[in-house]
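Worksheet for the structure shown next.
Please read all numbers here as calculations on a predicted model, not as lab measurements.
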Amino acid sequence: LAAAEFRYDAATRTVSLPAVDLQAGTEYTLTVNSRLGGPRADWSDQTFSFRTEIPSVRATTPVDGSQGVSTSDASIGVVFDRPMASALASLFQVQARSIDAALDQGDSAPFELLAITGFGTDEGNAVVSFSPVGGLQPFTEYRVEVSKAAFGDLAEAGYSFTFQTA
């Protein structure tokens with residue numbers, strides 16, 4: 001940050017930092033240089049570190065593991081308990097495979113990556129919604145994956161959920 005962004009109150013000897021948008025799931029370090037005390041200062045640099053909380057998924061639409069989901073509403077949603085670190089459409093993927101293929105081939109039946117449309121978030125970056133291009137197809141299993149980048153640098157993994165249409 002530029003030095004001009006800091007404010008110093010001589011009466012209280014308080015330095016105020018500028019407002020900064022902190023990213024979820026990230027570690028920050030603040031160092032106060034000992035030179036601020038002047039040439040006669042008798043202290044070394046002071047370093048403070050803190051971490052912002054990693055968001056977690058509170059709810060999904062459709063509900064994870066649900067079966068018989070209607071194809072009339074193709075909207076997929078993910079609700080986080082706090083703002084995401086990054087709310088880019090590229091961090092969300094929808095994959096699909098026919099239920100028949102899954103029954104015939106088991107877990108080895110491949111999923112096909114689908115393009116998404118209508119991606120959006122609420123003002124607080126805690127609610128995401130989007131739809132697969134072409135809507136939801138009948139008798140299809142869907143897997144939605146959220147990249148760990150949406151959760152922040154400290155996240156150990158992303159999140160995924162599945163559902164099946166009727």
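Around atom OH of Tyr28, more than 12 heavy atoms belonging to other residues, nucleotides or ligands sit under 6.0 Å away. Heavy atoms from other residues, nucleotides or ligands lying under 6.0 Å from CD of Gln105 number more than 12.
Counting only residues at least two apart or in different chains, side chain to side chain donor-acceptor pair (under 3.5 Å) contacts with residues 69-78 comprise Ser70-Ser72.
Between the side chains of Asp45 and Ser34, at least one donor N or O sits under 3.5 Å from an acceptor N or O. Defined by atom type and a distance below 3.5 Å, a donor-acceptor pair is present between the side-chain atoms of Thr121 and Asn125.
Distance alone, capped at 3.5 Å, is enough to place a donor-acceptor pair between the Gln46 side chain and the Ser44 backbone. With hydrogens and angles disregarded, a donor-acceptor distance shorter than 3.5 Å links the side chain of Asp122 to the backbone of Val127. Although no hydrogens or angles enter the test, the distance criterion places a donor-acceptor pair under 3.5 Å between the side chain of Asp81 and the main chain of Ser56. The main-chain N or O of Phe139 is found under 3.5 Å from a side-chain atom of Thr165 such that the two form a donor-acceptor pair. In this structure, the side chain of Thr60 does not engage the main chain of Val78 through any donor-acceptor pair within 3.5 Å.
Here Leu17 contributes atom CG and Leu30 contributes atom CG; the two are 5.5 Å apart, rounded to the nearest 0.5 Å. Between atom CG of residue Asp64 and atom OG of residue Ser66 there is a gap of 7.5 Å, rounded to the nearest 0.5 Å. Interatomic distance, Ile76 CD1 to Ser129 OG, rounded to the nearest 0.5 Å: 10.0 Å. Residue Tyr159 holds its OH atom at 15.0 Å from OG of Ser147, rounded to the nearest 0.5 Å. Once rounded to the nearest 0.5 Å, the distance linking CZ of Arg97 with OG of Ser108 reads 8.0 Å. A distance of 6.5 Å separates CG of Asp153 from CD of Gln23, quoted to the nearest 0.5 Å.
Tyr142 and Phe163 have parallel rings, their planes meeting at less than 30° on a 0 to 90° scale where 60° marks the start of perpendicular.
When all heavy atoms are compared, the tightest approach of Gly135 to Ala74 is CA-CB, 3.6 Å. Residues Phe92 and Met84 share a closest heavy-atom pair of CZ-SD, 3.7 Å.
Between Phe50 and Thr29, the closest side-chain pair of non-hydrogen atoms is not below 4.5 Å. Between Gln95 and Leu114 there is no side-chain heavy-atom pair separated by less than 4.5 Å. Looking only at side-chain heavy atoms (C-beta outward), Thr14 and Tyr8 stay at 4.5 Å or farther from each other. Side-chain contact between Val20 and Leu22 is present, with at least one heavy-atom pair separated by less than 4.5 Å. Side-chain contact check for Val146 versus Gln93: every heavy-atom pair is 4.5 Å or farther apart.
A salt bridge is defined here as a Lys NZ or Arg NE, NH1 or NH2 lying under 4.0 Å from an Asp or Glu carboxylate O, and Arg82 with Glu53 meets this definition. Glu145 has a carboxylate O that lies under 4.0 Å from a charged side-chain N of Arg143, or vice versa, which qualifies the two as a salt bridge.
Placement of Val133 and Leu113 in two distinct hydrophobic clusters is found when ILVMFWY residues are connected by side-chain heavy-atom separations under 4.5 Å, directly or transitively. Hydrophobic clustering (side-chain heavy atoms under 4.5 Å, transitive across Ile, Leu, Val, Met, Phe, Trp, Tyr) keeps Phe111 apart from Phe161. Criterion: ILVMFWY side-chain heavy atoms under 4.5 Å apart, direct or through other members. Under it, Val128 and Val79 are not part of a common hydrophobic cluster.
Phe80 and Phe151 have their aromatic ring centers within a separation under 6.0 angstrom.
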Query - Full working for side-chain contact (heavy atoms from CB on, under 4.5 Å) between Ser160 and Val144 - result: CA-CA 5 Å; Ser160 67; Val144 179; over 6 Å; no
Query raised in the report: Taking it one step at a time, do Thr140 and Ser98 satisfy side-chain hydrogen bond (donor to acceptor under 3.5 Å, both in side chains)?
Result: CA-CA 4 Å; Thr140 303; Ser98 78; over 6 Å; no
